[in-house]
Amino acid sequence: MTLPEPTEIRLKRAERVLDISFADGSHFILPAEYLRVESPSAEVQGHSPEQRQLVAGKSGVGITALEPNGHYAIRITFDDGHSTGIFSWDYLHRLGREQEFRWAAYLKAIEAAGLSR
């Protein structure tokens with residue numbers, strides 16, 4: 001199976017989204033808040049599913065920088081100072097494909113925990 005490769009990545013700061021197109025023809029608009037709460041960093045994901053952190057209060061978060069990480073990923077720096085997640089092309093593609101499901105699960109978890117976005 002061929003790993004997805006981006007053909008275009010555009011940071012739209014004013015809209016607080018990452019606009020990304022892949023060689024397979026898929027195109028995703030990923031909000032900064034979604035990327036922040038789904039960061040692949042150990043700080044968010046933990047070292048096992050049981051350690052995963054529910055990140056709240058990020059509705060207004062933006063992206064300040066994108067930095068290439070080899071030929072397989074980017075590091076995203078958010079305006080809340082978070083910058084430890086390395087977003088591989090595969091992970092970004094998965095976030096795009098699973099956006100509706102993941103976002104609904106996040107909203108449900110936030111509500112169940114009595115937290116706000």
Side-chain angles (χ1 to χ4, degrees):
M1 181 175 175
T2 304
L3 293 176
E5 289 193 32
T7 54
E8 186 172 17
I9 301 172
R10 283 186 279 151
L11 173 57
K12 296 182 174 180
R13 280 190 178 88
E15 294 93 341
R16 295 193 315 259
V17 299
L18 185 66
D19 186 329
I20 186 166
S21 298
F22 287 90
D24 66 0
S26 59
H27 174 248
F28 306 110
I29 296 175
L30 305 173
E33 179 185 10
Y34 175 59
L35 293 168
R36 177 62 178 88
V37 303
E38 292 290 341
S39 172
S41 70
E43 175 187 330
V44 174
Q45 299 297 327
H47 296 286
S48 69
E50 299 80 30
Q51 293 179 340
R52 179 166 167 69
Q53 298 296 308
L54 181 60
V55 179
K58 300 300 177 184
S59 65
V61 75
I63 297 171
T64 58
L66 301 176
E67 177 185 339
N69 196 288
H71 294 286
Y72 69 96
I74 55 173
R75 176 186 307 272
I76 299 176
T77 301
F78 297 90
D79 62 10
D80 67 353
H82 181 74
S83 65
T84 58
I86 303 296
F87 290 78
S88 70
W89 305 144
D90 182 56
Y91 189 60
L92 285 166
H93 195 270
R94 190 172 341 128
L95 287 177
R97 289 189 325 264
E98 299 172 359
Q99 185 173 2
E100 186 176 336
F101 169 78
R102 285 176 179 254
W103 188 247
Y106 171 73
L107 294 177
K108 185 176 179 180
I110 284 287
E111 183 179 348
L115 300 171
S116 65
R117 293 180 36 220

Just how far is it from atom NE2 of His27 to atom CD of Glu8, taken to the nearest 0.5 Å?
7.5 Å
When rounded to the nearest 0.5 Å, the distance separating CD1 of Ile9 from CD1 of Ile74 is 5.0 Å
Is it true that atom CD of Glu111 has more than 12 heavy atoms of other residues, nucleotides or ligands lying nearer than 6.0 Å?
no
Calculate, to the nearest 0.5 Å, the distance between atoms CG and NZ belonging to Leu35 and Lys58 respectively.
13.5 Å
Shortest non-hydrogen pair, Ser39 vs Gln45, comes out as O-NE2, 3.0 Å
Rounded to the nearest 0.5 angstrom, the NE2-CZ distance for His93 and Phe28 is 4.5 Å
So CZ of Arg36 and CD1 of Ile63: to nearest 0.5 Å the spacing works out to 11.5 Å
Can you give me the closest heavy-atom contact between Val61 and Ala32, atom names plus distance?
O-CB, 3.5 Å
Shared hydrophobic cluster for Leu92 and Tyr72 (ILVMFWY, side-chain gaps under 4.5 Å)
no
Please say yes or no: joined through hydrophobic side-chain contacts below 4.5 Å, possibly via intermediate residues, are Leu11 and Ile29 part of one cluster?
no
Out of curiosity, does Leu30 fall in the hydrophobic cluster containing Leu107 (side-chain heavy atoms, cut-off under 4.5 Å, transitive links)?
yes
Linked, directly or transitively: Val17 and Trp89 (ILVMFWY side chains, under 4.5 Å)
no
Near Gln51 CD, under 6.0 Å, is it more than 12 heavy atoms from other residues, nucleotides or ligands?
yes
Leu18 with Ile86, same ILVMFWY side-chain cluster at under 4.5 Å
no
Which atoms form the tightest heavy-atom contact between Arg16 and Gly62, and what is the distance?
CD-CA, 3.9 Å
Looking at every non-hydrogen atom in both residues, tell me the closest pair between Val55 and Ile110 and how far apart they are.
O-CD1, 3.9 Å
Would you mind reporting whether Phe87 and Leu95 have side-chain heavy atoms less than 4.5 Å apart?
yes
Between Arg102 and the options Glu98, Gln99, Glu100, the side chain to side chain contact (heavy atoms under 4.5 Å, CB included) test singles out Glu98
Residues Val37 and Tyr106: closest non-hydrogen pair is CG1-OH, 3.5 Å
What heavy-atom pair brings Tyr91 and Pro40 nearest, and what distance separates the two atoms?
CE2-CD, 3.8 Å
I'd like to know whether Glu38 forms a salt bridge (charged side-chain N to carboxylate O under 4.0 Å, His left out) with Arg52, so could you lay out the CA-CA distance, the side-chain angles of the two residues, the decisive distance to 0.1 Å, and finally the verdict.
CA-CA 10 Å; Glu38 292 290 341; Arg52 179 166 167 69; 3.3 Å; yes
Ile76 versus His82: any side-chain heavy-atom pair under 4.5 Å?
no
Value for CZ (Arg75) from CG (Leu66), rounded to nearest 0.5 Å, stands at 12.0 Å
Please report the C-alpha distance between Ser26 and Asp24 in whole Å, then the side-chain angles of each, then the deciding distance to 0.1 Å, and finally whether the side chain to side chain donor-acceptor pair (under 3.5 Å) criterion is met.
CA-CA 6 Å; Ser26 59; Asp24 66 0; 2.5 Å; yes
